[in-house]
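Just below is one structure, and these are the notes that go with it.
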2 protein chains.
Amino acid sequence: MAVTIRDVARASGVHVSTVSRAFSAPHLVNPETRTRVLAVADDLGYRPNRAARALTTGRTHNLGLIVADISNPFFPPLIKAAQEQARLRDYHVFVADTDEDPKVEEDLIQTLTKQVDGVLLCSPRLTNRTIERLREEVPFVLVNRRVKGMATVLMDVARGARLAFEHLTALGHRRLALVTGPSGSWTSKEMQEAAAAARDVDVAFLGPNQPTELGGLAAAADVIASGATGVLAYNDLVAIGLIEGLAERGVDVPDDISVIGVDDIVAGRLSRPKLTTIAMPTAAAGRIAVDMLLQSVDSQAATGVTMLETTLIVRESTGEAHT
Amino acid sequence: MAVTIRDVARASGVHVSTVSRAFSAPHLVNPETRTRVLAVADDLGYRPNRAARALTTGRTHNLGLIVADISNPFFPPLIKAAQEQARLRDYHVFVADTDEDPKVEEDLIQTLTKQVDGVLLCSPRLTNRTIERLREEVPFVLVNRRVKGMATVLMDVARGARLAFEHLTALGHRRLALVTGPSGSWTSKEMQEAAAAARDVDVAFLGPNQPTELGGLAAAADVIASGATGVLAYNDLVAIGLIEGLAERGVDVPDDISVIGVDDIVAGRLSRPKLTTIAMPTAAAGRIAVDMLLQSVDSQAATGVTMLETTLIVRESTGEAHT
DNA sequence: TTGAAAGCGCTAACAC
DNA sequence: GTGTTAGCGCTTTCAA
C-alpha cells in the first residue's frame, strides 16, 4: 500500500493528528514541528488520500461535468476551461458524456452524486422536473439551460442574433431566413425571438433541424425556396453544411447568399469561405460556471443567472446584397 | 446527509453487513432477505458511497485520463470513447488537461493517483524517466507513446505514411515532402522512417513544426522552395494551414501541389478542398486503452503493445501530377 | 445465512 | 501545541 498519514507520524515522532493538522490547519501547529513533519512527508512521498478525507469532511474536492457530446466542437473549450479553473481551486473533475441520452444523463448524475461536491450540467436533455428533483441531492450549475431558481450561466444569443440581423440588414439584405435548431433548445428559442423582433426585414423560419452539418445540408433547398439572401444558422456546423448544400445547387456564398453561424468553432475559420459567426464565450462560461458551483458548494446557496456577452465576427461568408 | 447503509439496515431489520453483502456479494445472502433489502434500499434511494467502499477495497472504480490539450480535435473522440467504455465497466473518469505542460502533467498524476485505479496517458510530454518513476504508484496505459515494458496503444502511422506515399506516387508525383511535427513526437519519427524507406521518389524533410495550423502556414514557403508536388503533413491542422499558406502564395491544391494530412478530424471534411488524410482510429484507441488499463488493474500485470490500423481516405486535396 | 467487530485513511472535537 | 478518541460509510474476517 501507499504511504499513509500514520507512516509520516511514526517517522516524524508525532501523532497522526499533528500530521493531519500540518496539512489542513497549518496555523494550529508549531512552525518547527510543521516544517519537520512536512519535510518527512515530502521525503516519504506522502500525499493525503482525498477520498478518506472526504469521508470525514464531507467535501470530496471533485466536480462532475456532464455534456451531451464531447465530440461536438462547442464543448471542448468549455471542458478545458472548467477543468483548469477547477484545478486552480484544487478540484478534480469527472467528465461524462451522455451521448444525448437523458436516461444515461440521469443515471450518471445519480452515481456521481456521492463522489462530487457539485455538478455542471451543460445543455442538459433532462426535463425540468427531473433536474429539480436531482438538485435535492447535489448542487448544480446549469449552462445553456434555464430552470427557475437554479444557478445558471447563459450566453447572450439573443443579442448575437440581433447583431447578425443588423449586419445583414446593413449589407442590404431584406429577405432573411433563420435556420433553427432542435425544437427543445433554449438557444434556438432565443434566436427565434430575436428574429421576430427584427425590423425592416422579412424573416423566414426554417426548421427544426439537426444541430449538425447534415442538418444544414438538408436545409439548403428550403433556404433557396424561401428566397432569402441572408441566413442565420443555428450553429457553425449547420452553417457549414448549409454552405455546402448551397454550393451543390450552384448557389455561391457570399455572392448569392450570405450565411452566418453561431459558436465560432475552429472549423469555421478553416472552411471556405471563412465563416462569419457569433462567437460564444465558452471558455469563460466554463470558468464562471465552476466558480459559481464552488461558491454554491460553500454557501449552500448561490442561485442566480450570469449572462455572458456574445460578439459578431465578420469573415467571408457574408457580403453585400446584389439587388 | 444522504441515506447510508445503516439507514437501509435499520429499515429492513438486518445488520449492515447483510446490506453490504446484498450489494457486493449477493450470492452470500438469502434470496428473500436480499430482495427485501434491495427493495428497501431502492425505496430509500440508497446508493453505495464509492469513496467509502474504496477505502476498504482499495478499488476506487475511477480512472484518470490525461491529455495535452482537450481542444485539439484529435482528442475528443478518444475521450468520448474512453469515457463511455469506462462507464460500461462501471468506472468513472477524471479528465485532465495539462495544457502541454509537463510540470502540470506530473502534478496531476500525483494528486490523482490516490483517487484512481489507473491512468491513461495520451501523448504525454513527460520524460521516459519520469513516466517510469510514476508507474510505481499507479498502473498506466500509454497512448501514442512508447516506453519499454509499458502497456501501450499505438496507431500505425508508419503504415499510413506508406499508404500516403504510395498514393502520391501512383498519381505521378516524384518529388515529395514530409512536413514533420514537434521533434520529440513518436508519430513524427514514425513518419520520417516511412518516408526514408519510400522508393522511386525524393522526399524532402521539412521541420520541425508546431502541430497546428500556424505551423502549416509557416511551412508553406519551404514546401514551395523544395519543389515538391506531393506533401504529407504531420496532421490535418498542419495540412489545412499549409493549404492556406500555399493559396496565399498563389499555389493551388490539388492542381499545383497535392497535400495529405493525418488524423481525419472533422474540420478536414469541412475545409476546401476537402482533405485527403490518414484516418487514426482514436475512438478505438480510447476503448482499447481503457480495457487494457482495467485488465492491468485486475491482474497487476498486462504490459504489451496494441497496434491499431490506419487507413487512407482520399478526398479532394490530392490529384494527378502535371508533369 | 446472518451478526459482531475491526479497520481502511483521515479529520475533528475534546482533553491535557 | 499536541495527544486521545471517536467516527465518516463501507467491507471483511470471524463466529455463531
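To find a chain, count down the sequence lines: A is the first, B the second, and so on, and within it residues start at 1. Predicted, not measured: the structure shown is a model, and the values here were computed from it.
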Stretch residues 14-30 of chain A: residues that reach within less than 4.0 Å of DNA chain C through a heavy atom: A:Ser17, A:Ser20, A:Arg21, A:Ser24
Between B:Ser17 and B:Ser20, a side-chain donor and acceptor under 3.5 Å: no
B:Asp107 vs A:Arg87 side-chain heavy atoms within contact, under 4.5 Å: no
Within-4.5 Å side-chain heavy-atom neighbours: B:Val290 and B:Leu63: yes
Interatomic distance, A:Lys114 NZ vs D:dC8 P [rounded to whole Å]: 15 Å
Only distances under 3.5 Å count here; give the side-chain donor-acceptor pairs of residues 118-126 of chain A to other protein atoms, sequence neighbours excluded, each with its distance to 0.1 Å.
residue  : atom : partner  : partner atom : Å
A:Arg125 : NE   : A:Glu100 : OE1          : 2.7
A:Arg125 : NH1  : A:Ser123 : O            : 3.0
A:Arg125 : NH2  : A:Glu100 : OE1          : 2.9
A:Arg125 : NH2  : A:Glu100 : OE2          : 3.4

Parallel, tilted or perpendicular, as decided by the 30° and 60° cut-offs, for the rings of A:Phe94 and B:His92: perpendicular
Nearest-angstrom distance from the residue atom CZ of B:Arg6 to P of C:dA4: 13 Å
Residues forming a side-chain contact (heavy atoms from CB on, under 4.5 Å) with B:Thr33, sequence neighbours excluded: B:Val14, B:Thr18, B:Val29, B:Asn30, B:Arg36, B:Val37
Straight-line distance of A:Arg145 CZ to A:Phe140 CZ, nearest 0.5 Å: 11.0 Å
If you look only at distance, which donor and acceptor atoms sit under 3.5 Å apart when one is on a side chain in residues 73-84 of chain A and the other is two or more places apart or in another chain?
residue : atom : partner : partner atom : Å
A:Lys80 : NZ   : B:Asp69 : OD1          : 2.7
A:Lys80 : NZ   : B:Asp97 : OD1          : 3.4
A:Lys80 : NZ   : B:Asp97 : OD2          : 3.2
A:Lys80 : NZ   : B:Asp99 : OD1          : 2.9
A:Gln83 : OE1  : B:Asp97 : N            : 3.0
A:Gln83 : NE2  : A:Lys80 : O            : 3.2

Interatomic spacing from CG in B:Asp298 to CD in B:Gln295 - rounded to 0.5 Å: 8.0 Å
From CG (B:Leu112) to CZ (A:Arg47), nearest 0.5 Å: 11.0 Å
Terminal helix-axis angle for the helix from C:dT1-D:dA16 to C:dC16-D:dG1, with five pairs defining each axis and rounding to 10 degrees: 40°
Near-strand residues of residues 33-51 of chain B, defined as heavy-atom separation under 4.0 angstrom from DNA chain C: B:Thr33
Nearest-angstrom distance from the residue atom CZ of B:Arg53 to P of C:dG9: 18 Å
Euclidean distance, atom CD1 of residue B:Ile5 to atom P of D:dG7 [Å, nearest integer]: 18 Å
Separation of atom NE2 in A:His61 from atom P in C:dT11, rounded to whole Å: 11 Å
Salt bridge (Lys or Arg N to Asp or Glu O under 4.0 Å) evaluation trace for A:Lys148 with A:Glu132: CA-CA 9 Å; A:Lys148 66 172 189 306; A:Glu132 278 162 357; 3.5 Å; yes
